[in-house]
There are 2 protein chains.
Amino acid sequence: MLTPSQRQLLRIISESGPLSRTEMAQMLGLSKAAMSGLARDLIDLGMLHETDTVYGQGRPSVRLDLYPECAFFIGVSLLEEPAPMILSDLNGKIIARGSIPLSRDPAVVAEAIAQALPDLLDSHPDAREKLAGIGIALSGFVDETQANCVQSTLLNWQDVPLARIVQERCGIETFIENDAKAVAVSEKLFGSARDIQNFSVVTLGDGIGCAHFIDGKLYRGNHGGAGEIAHCTIEPGGSPCRCGKRGCLDTVASMKAVREMARAEGFSCDTLVELETEASKGNAAAIRILHRAGSALGLAIANLIQMNDPGLILITHVEGSFDGLFGTVLKQAVEANVLPRYAGQTPVRVKRVDGDIWARGAASIAAHKFLIGPHTN
Amino acid sequence: MLTPSQRQLLRIISESGPLSRTEMAQMLGLSKAAMSGLARDLIDLGMLHETDTVYGQGRPSVRLDLYPECAFFIGVSLLEEPAPMILSDLNGKIIARGSIPLSRDPAVVAEAIAQALPDLLDSHPDAREKLAGIGIALSGFVDETQANCVQSTLLNWQDVPLARIVQERCGIETFIENDAKAVAVSEKLFGSARDIQNFSVVTLGDGIGCAHFIDGKLYRGNHGGAGEIAHCTIEPGGSPCRCGKRGCLDTVASMKAVREMARAEGFSCDTLVELETEASKGNAAAIRILHRAGSALGLAIANLIQMNDPGLILITHVEGSFDGLFGTVLKQAVEANVLPRYAGQTPVRVKRVDGDIWARGAASIAAHKFLIGPHTN
DNA sequence: TTGATTTGTTCATTTCCTGAACTTAGTGTC
DNA sequence: GACACTAAGTTCAGGAAATGAACAAATCAA
C-alpha cells in the first residue's frame with residue numbers, strides 16, 4: 001500500500017510529466033531529504049524510473065517519470081449495447097478491448113464483467129498481478145462514495161449498489177461514476193487538462209453532459225448533480241423536454257435534438273456534417289437549426305464561464321467537424337455573452353473523440369482512485 | 001503560531017459548534033491520544049474552553065467550544081462613503097464600529113485605517129494584543145493571494161497591492177477580497193452556512209453579487225471571477241448593460257435596475273417595498289417590473305443550481321421583504337427551471353441583512369485566514 | 001455494589017520529515 | 001587541464017506529531 005506522500009508524488013508527475021527530485025520536493029513542499037527516500041521507494045516498487053538528464057549549472061538533474069505499466073485499470077461503459085470494456089495503463093493507453101452485453105440487472109452486469117475479465121488481463125503479462133481497480137461509467141446520478149447509482153433513467157435504476165456487487169463478484173476494488181464526470185477525470189489524468197486545476201468538460205453527443213474540476217478535484221455537487229447543464233433553461237418557454245420542463249439546452253443543442261429538428265424540416269440527414277453541408281449550400285432551414293443550436297450551447301457555456309470562471313472549457317464531440325456554422329456560431333455566442341473584459345480569457349477547446357471515450361473515462365475513475373488513495377475524493 | 005492540526009480543530013468547532021474530544025478525533029481522523037494533547041494545548045493557549053457535559057452511557061463527554069475572544073479581526077468595507085470599519089471576534093460579533101473616509105489612493109486608505117485602528121482596539125482590553133488580521137472587502141477582482149486588487153471599476157484600480165500597503169502601514173497581516181466572496185466567507189464562518197460544504201451566496205442590492213463555497217472552501221475561480229452571475233445573459237438581446245453586452249441579469253434584477261425601470265414607468269418610489277405596494281394594488285406596470293426581475297433572478301439561480309448543484313442558495317438583501325410578488329415569482333422561477341426531479345431539493349434561503357454585512361464579511365476574511373493558516377486558501 | 005460502557009490521559013513507540021553536512025556531477029575560467 | 005563554482009541528490013542524527021495499548025475516570029444499569 002502506498003503512503004499519502006507517495007501518492008502525491010505519483011500525482012504530480014501524472015499532472016506535470018517527468019520531474020526532477022528537487023522540483024518535486026519544491027512542488028510538494030518537502031525537503032530534498034524526504035524526496036530522496038520517497039523516490040527511492042517508488043523506484044524500488046517499480047512505479048517510477050529515471051528518464052533523461054537535464055544539464056544546467058551545477059550537477060545535472062535526473063528526471064523521474066511514471067512507469068505506466070505499474071498499474072492497470074479496467075473501464076466499462078454502460079452507455080452502449082454491447083458495453084465496451086477496456087484495459088488501460090496509468091497513462092490511459094488502451095491495452096486491450098472487449099465488450100459485455102448490457103443488462104439492467106446489476107448482478108448480470110457483474111457476472112459479465114467477471115467473465116470478460118480474464119481475456120482482457122491475458123493481453124499483458126503484468127496486468128493480472130497489477131490490476132488496481134475497475135471503473136464503470138453510466139448515465140445517471142452517482143452518490144459521493146462512488147459506489148451507488150442513485151438514479152439512472154437509461155438503466156432504470158434507483159439506489160443500486162453496483163460497485164459493491166461488482167467488487168464482490170470480481171474481487172477488485174470498483175468505483176462507478178457519471179459519464180460526463182468520468183470523461184472529465186480522464187481528461188485530467190490522461191488528456192489535455194492534466195495540469196489545469198479548474199476546468200469544465202462539455203460532452204456533446206446525443207445528449208449533453210458536463211462536469212467540473214475545481215481546485216484540482218472533480219466537483220460532484222451536493223447530490224452528485226453538478227454539471228447538469230443539459231437541463232439549464234436556455235430558451236424560456238421553448239420546446240418541451242423529456243425532463244418535464246421547457247427550453248432545456250438539451251432540446252436545442254444535443255445532436256439528437258439537431259437531428260430531430262432536421263427531420264422536422266424534411267431533411268433526411270443523420271449527422272451534423274450533412275446538415276452543415278446543406279447550410280453551406282445556403283439552405284435557410286439548415287442554417288436556422290445550426291444557428292439555434294450553436295448559439296444555445298454558446299450561451300450556456302458563456303453562463304458557465306460567468307458563474308465558475310474555469311481555466312478551460314473542453315468540448316468533446318464524436319460528430320464531424322466543428323469548423324462549420326455550428327462551431328462558429330457557438331464560439332461567437334460564447335464570446336458575445338461573457339463579460340467583455342473576460343472575452344477570450346477562457347480558452348474553449350474542442351476535441352474530437354472516438355468511441356473509446358466513455359470506457360477510457362471509466363478506467364480513469366479507477367486510476368484516479370489509485371492516485372489519490374482510498375477514502376478521499 | 002498554531003500548527004495545522006490545531007487550526008483544523010478550531011475550524012471544525014467553528015463549523016459544528018461545541019464538540020467532545022472524541023467526536024473531534026473521529027471527525028479529523030486522529031487518535032484520542034493525539035486529540036488529548038491538541039485540546040490541552042489549545043485550552044492552555046486560551047483558545048478553547050470546556051462547556052457543558054453530555055451524559056450518556058459510559059463516562060460523560062465534555063464538550064469544548066471556542067473562546068470567541070481568543071482572536072480579534074478588523075473588517076473594512078470599501079463599498080460606501082464613509083467606509084465602515086469594524087472590530088469583530090471569532091464568532092463574528094461586532095465589538096466596535098468606526099469608519100474611514102473612502103479614497104481612491106491606496107496609501108490614503110492605509111493611513112486612514114492605521115489612524116482609526118487605535119480607537120477600535122481600545123474598545124476591548126484584549127483586542128490590541130490578540131488582533132489577528134485585517135480584512136478588506138471591495139467591489140472588483142482580487143488575485144489568488146488575496147493581496148492585490150486586479151481591477152476595480154468602482155475604485156478605478158488596476159493591480160493595486162492594497163494588502164501589502166495596509167500591512168506595511170499597520171503592521172498587521174492584511175487580506176483583501178471581493179465583496180460577495182467576503183459575504184460568503186462570513187456566512188460560512190459566522191452565519192447560517194457554517195456546516196454546509198457546498199453553497200452559493202447571492203447578494204442582492206444595487207448590484208448583484210455571488211460567490212461559491214465548494215468542498216468547504218471558497219472557490220475564487222481561475223481569474224478570481226467565479227460568481228459573476230450579474231453578467232450572465234438572462235434576456236438574450238435585452239437591454240444594454242454598462243458592461244458592454246446586453247440582457248445581463250444586472251439590467252433586470254438588481255435593485256438599481258428595478259428602481260430605474262420603475263422611474264421609467266413614472267413611479268417615484270425608491271425602494272422595492274413601495275413598488276410591491278403598488279403591485280399589490282394591482283398596478284400593471286409595477287407587477288410587470290417585479291415579475292420580470294423576479295423571474296430573471298430565479299432563472300439565473302436555477303441555472304446555478306443546475307450547473308453546480310449546491311447544498312444551499314442563500315440570498316442576502318437589504319431591501320424590505322421578500323414576501324411580496326418579487327420573492328414569490330423568484331422562488332417559482334427557481335422551481336420551474338430546475339430539473340423537476342431536483343425541484344425543492346436545493347434549499348433557497350432568504351436572509352435580510354443590515355449595513356454591517358460588508359464590513360463583517362471583510363472581518364471574516366481575516367478570521368478565515370486565521371483558521372486555515374497562511375499559505376493556504 | 002458490581003459490571004458495563006464510554007471518555008479522556010499517559011507513555012513508549014513509530015512514522016515521517018527536517019537541517020546540516022556531505023557526495024556527486026556537471027559548467028566556466030584562467 | 002586544474003581550479004573554483006554551482007546545483008542535485010544522499011546520508012544521518014534528531015525532532016515533531018501521530019499511534020496503540022494500557023489505564024484512569026465518570027457515569028448508567030442491574
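Everything quoted here is computed from the prediction, not taken from an experiment. The sequence lines fix the lettering, A, B, ..., with proteins before strands; numbering per chain opens at 1.
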With sugar-phosphate meaning primed atoms plus P, OP1 and OP2, does Gly56(A) contact a base, only sugar-phosphate, or nothing at under 4.0 Å between heavy atoms?
sugar-phosphate
If the cut-off is 4.0 Å, is Thr22(A) near the phosphate of dA7(D), judged by side-chain N/O to OP1 or OP2?
no
Roughly how far, to the nearest 0.5 Å, is the CG atom of Asp126(B) from the SG atom of Cys70(B)?
10.5 Å
In whole Å, I'd like the distance from the CE atom of Met35(B) to the P atom of dA18(D).
9 Å
Let me know the distance between CG of Leu9(A) and P of dG9(D), rounded to the nearest Å.
12 Å
Answer with base, sugar-phosphate or nothing: what part of the nucleic acid does Thr53(A) contact at a heavy-atom distance below 4.0 Å?
nothing
Nucleotide dT11(D), atom P - distance to CG of Leu38(A) in whole Å
14 Å
Please determine whether a side-chain nitrogen or oxygen atom of Ser36(B) lies at a distance below 4.0 Å from atom OP1 or OP2 of dT9(C).
yes
Any chance you could measure Arg11(B), atom CZ, to Glu15(B), atom CD, to the nearest 0.5 Å?
6.5 Å
In sequence, state the C-alpha distance, the side-chain angles, and the governing distance for Phe190(B) and Leu90(B), and then conclude on side-chain contact (heavy atoms from CB on, under 4.5 Å).
CA-CA 8 Å; Phe190(B) 307 147; Leu90(B) 197 47; 5.5 Å; no
OP1 or OP2 of dG19(C) under 4.0 Å from side-chain N/O of Ser31(A):
no
Euclidean distance, atom CG of residue Leu30(B) to atom C1' of dA16(D) [Å, nearest integer]
14 Å
Relative to the 5' end of DNA chain D, which residue comes earlier, Ala39(A) or Gly58(A), by the nucleotide with the nearest heavy atom?
Gly58(A)
Think Ser5(A) has a side-chain N or O under 4.0 angstrom from the OP1 or OP2 of dC17(C)?
yes
Is it the case that dA7(D) (base atoms only) and Arg59(A) (side chain only) share a donor and an acceptor within less than 3.5 Å, ignoring hydrogens and angles?
no
Nearest whole Å is fine: how far is dA17(D) C1' from Leu2(B) CG?
15 Å
Out of dT18(C), dA21(D), dA17(D), whichever nucleotide has its closest atom nearest the side chain of Ala33(B)
dA21(D)
Leu48(A)/Leu66(A) under side-chain contact (heavy atoms from CB on, under 4.5 Å): CA gap, chis, key distance, verdict
CA-CA 5 Å; Leu48(A) 284 188; Leu66(A) 283 180; 4.0 Å; yes
In whole angstrom, what separates Lys32(A)'s NZ from dT6(D)'s C1'?
11 Å
Cation-pi check, Lys130(B) to Phe72(B): give yes when NZ or CZ is under 6.0 Å from the six-membered ring centre and within 45° of the ring axis, no otherwise.
no
Any idea which of dG20(D), dA17(D), dA25(C) is nearest the Pro60(A) side chain?
dA25(C)
Those residues of residues 11-21 of chain B lying under 4.0 Å from DNA chain C by at least one heavy atom
Ser20(B), Arg21(B)
Check the phosphate of dT10(C) against Arg40(B), side-chain N and O only, distance under 4.0 Å to OP1 or OP2. Yes or no?
yes
Starting from the C-alpha separation in whole Å, work towards a yes-or-no answer on side-chain contact (heavy atoms from CB on, under 4.5 Å) for Val183(A) and Arg360(A).
CA-CA 8 Å; Val183(A) 171; Arg360(A) 179 188 274 119; over 6 Å; no
Taking the six-membered ring where the residue is Trp, are the ring centres of Tyr219(A) and Phe213(A) under 6.0 Å apart?
no
Leu28(B) CG to dT19(D) P, straight-line distance once rounded to whole Å:
10 Å
Give the nucleotide from the list dT27(D), dC17(C), dT19(D) with an atom nearest to the side chain of Ala34(B).
dT19(D)
Closest to the Gln57(B) side chain: dA21(D), dA29(D), dT11(D)?
dA29(D)
Return the value, rounded to whole Å, for the distance between atom CE of Met24(A) and atom C1' of dC17(C).
16 Å
Basic-acidic side-chain contact under 4.0 Å: Glu50(B), Arg21(B):
yes
